[in-house]
Amino acid sequence: MKPIIAPSLLSADFNNLGAEIRMLNNSGADWIHLDVMDGVFVPNISFGIPVIKSVRAISEKPLDTHLMIVQPERYIRAFKEAGSDMLTVHWEACTHLHRTVAQIREEDMLAGVALNPHTPVSGLEDIIQDVDLVLIMSVNPGFGGQKFIERSLRKISQLREMIERSGSNALIEVDGGVNTENIAEIVKAGADAVVAGNAVFKSQDPPATIELLKNS
Ligand code: DX5
Ligand code: ZN
C-alpha cells in the first residue's frame, strides 16, 4: 500500500499561498497538513482559523489540521467551520481526551490524537478504539526542518501492534523530519500517512518529490 502523503503548509511560501495550494491540488498529495501553534503549547506561533478558511476556499484536498495549542476543546467547532476534515489534538494538551475526541467526531471530523516524542504509546491503550488517527511526532513540535528522531520507528511498530491487537481502525500518521531517504523505513514500521514539510516545499520540484515519497 502506498502511504498517504500530507505536505505541511508550514514550509510553504506564505507570499504565494494560493499558488502553493494550486500546486498541491495538481499533485499526488492526499491531504494538506495544517500546523496550528499558539506560542504556549509550543514555542512558536504559526497561523489559525482565517488562514485555514482561505486554504479551504481553493483546496481540493482534505484538510488535516494539527492543533499544537492548549485547551484545544475550546476551538473544535471553529476549526470545523473553517473547513477542517481531520482534527488532531495533543495527548499532552487534553485533560479530558476521551470527551474531546468524541466532540470532534460529533462535528463530523476524523479525530486524531498526537503524541510528543516523550509520550509513550501505552498511554493510548484506553482510547485507541475511539480515535480515527494517531499522529506520532517524530520531532519535538514547533518547527519545520528538524531531524527525525530514530526512536520514533519503535513507537510506530508498537502502535501498529496495539491497533491490530485492539481491532481499532486508527490510521498511523508520522510527523517531523520525514524525507525521501527515510520514508521507506517509516512505512515499513507501520505508518499509513506521513507529513512532509521541508522535504516537499524546499525541494526543486515539489510535485516530483511528492511522487517520490509516495513510491519510495
Ligand atoms: C512540527 C509540525 C510539522 C512540521 C513538519 O511541529 O507538526 O508538521 O511542519 O515539517 P518537516 O517535515 O520539515 O519536519
Ligand atoms: Zn504537524
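Just follow the structure's listing: the first ligand is 1, and inside any ligand the first atom is 1.
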For ligand 1, which atoms, with element, lie under 4.0 Å from some heavy atom of [X]?
{"X": "G177", "result": "11 (P), 12 (O), 14 (O)"}
{"X": "G144", "result": "10 (O), 13 (O)"}
{"X": "A196", "result": "12 (O)"}
{"X": "H66", "result": "7 (O)"}
{"X": "L10", "result": "9 (O)"}
{"X": "F143", "result": "1 (C), 6 (O)"}
{"X": "H33", "result": "8 (O)"}
{"X": "G176", "result": "14 (O)"}

For the backbone of [Y] and the side chain of [X], can you confirm whether one donor and one acceptor N or O come within less than 3.5 Å of each other?
{"X": "Q146", "Y": "N140", "result": "yes"}
{"X": "D175", "Y": "V195", "result": "no"}
{"X": "K214", "Y": "P3", "result": "yes"}
{"X": "K61", "Y": "S27", "result": "yes"}
{"X": "T209", "Y": "D205", "result": "yes"}

Could you tell me the separation between the [atom1] atom of [X] and the [atom2] atom of [Y], rounded to the nearest 0.5 Å?
{"X": "I186", "Y": "S138", "atom1": "CD1", "atom2": "OG", "value": "6.0 Å"}
{"X": "E164", "Y": "L159", "atom1": "CD", "atom2": "CG", "value": "10.0 Å"}
{"X": "H96", "Y": "H98", "atom1": "NE2", "atom2": "NE2", "value": "12.5 Å"}

Same hydrophobic cluster for L133 and V131, using side-chain heavy-atom links shorter than 4.5 Å among ILVMFWY?
no
Connected via hydrophobic side-chain network under 4.5 Å: L135 and L34:
no
How close do L10 and F14 get, heavy atom to heavy atom, and via which atoms?
O-CZ, 3.9 Å
Residue-ligand contact M68/ligand 1, heavy atom below 4.0 Å
yes
Are A199 and ligand 1 in contact, using a heavy-atom cut-off of under 4.0 Å?
no
Nearest neighbour in protein (non-hydrogen) for [atom]:
{"atom": "atom 12 (O) of ligand 1", "result": "G197 N, 2.8 Å"}
{"atom": "atom 11 (P) of ligand 1", "result": "G145 N, 3.6 Å"}
{"atom": "atom 2 (C) of ligand 1", "result": "D35 OD1, 3.4 Å"}
{"atom": "atom 6 (O) of ligand 1", "result": "G142 N, 2.8 Å"}

Does the pair R77 and E107 meet the rule for a salt bridge (charged side-chain N to carboxylate O under 4.0 Å, His left out), with working shown?
CA-CA 7 Å; R77 177 151 305 159; E107 293 290 346; 2.9 Å; yes
I'd like to verify the contacts: list protein N, O or S atoms under a distance of 2.8 Å from the Zn ion (ligand 2).
H33 NE2, D35 OD1, H66 ND1, D175 OD2
Under-4.0 Å heavy-atom contact with ligand 1, by part of P141 that carries it
both
Please classify the D175 to ligand 1 contact at 4.0 Å (heavy-atom distances, strictly less than): side chain, backbone, both or neither.
side chain
Show the numbers, then the answer: is there a side-chain contact (heavy atoms from CB on, under 4.5 Å) between D85 and D64?
CA-CA 6 Å; D85 299 284; D64 168 32; over 6 Å; no
Can you find an N or O of N140 that's nearer than 3.5 Å to an N or O of ligand 1?
no
Nitrogen or oxygen of V178 less than 3.5 angstrom from that of ligand 1
no
Please determine if R165 and E125 form a salt bridge, counting it only when a charged side-chain N lies under 4.0 Å from a carboxylate O.
yes
Which word best sums up how the rings of F41 and H90 line up, parallel for under 30°, tilted for 30 to 60°, or perpendicular for over 60°?
tilted
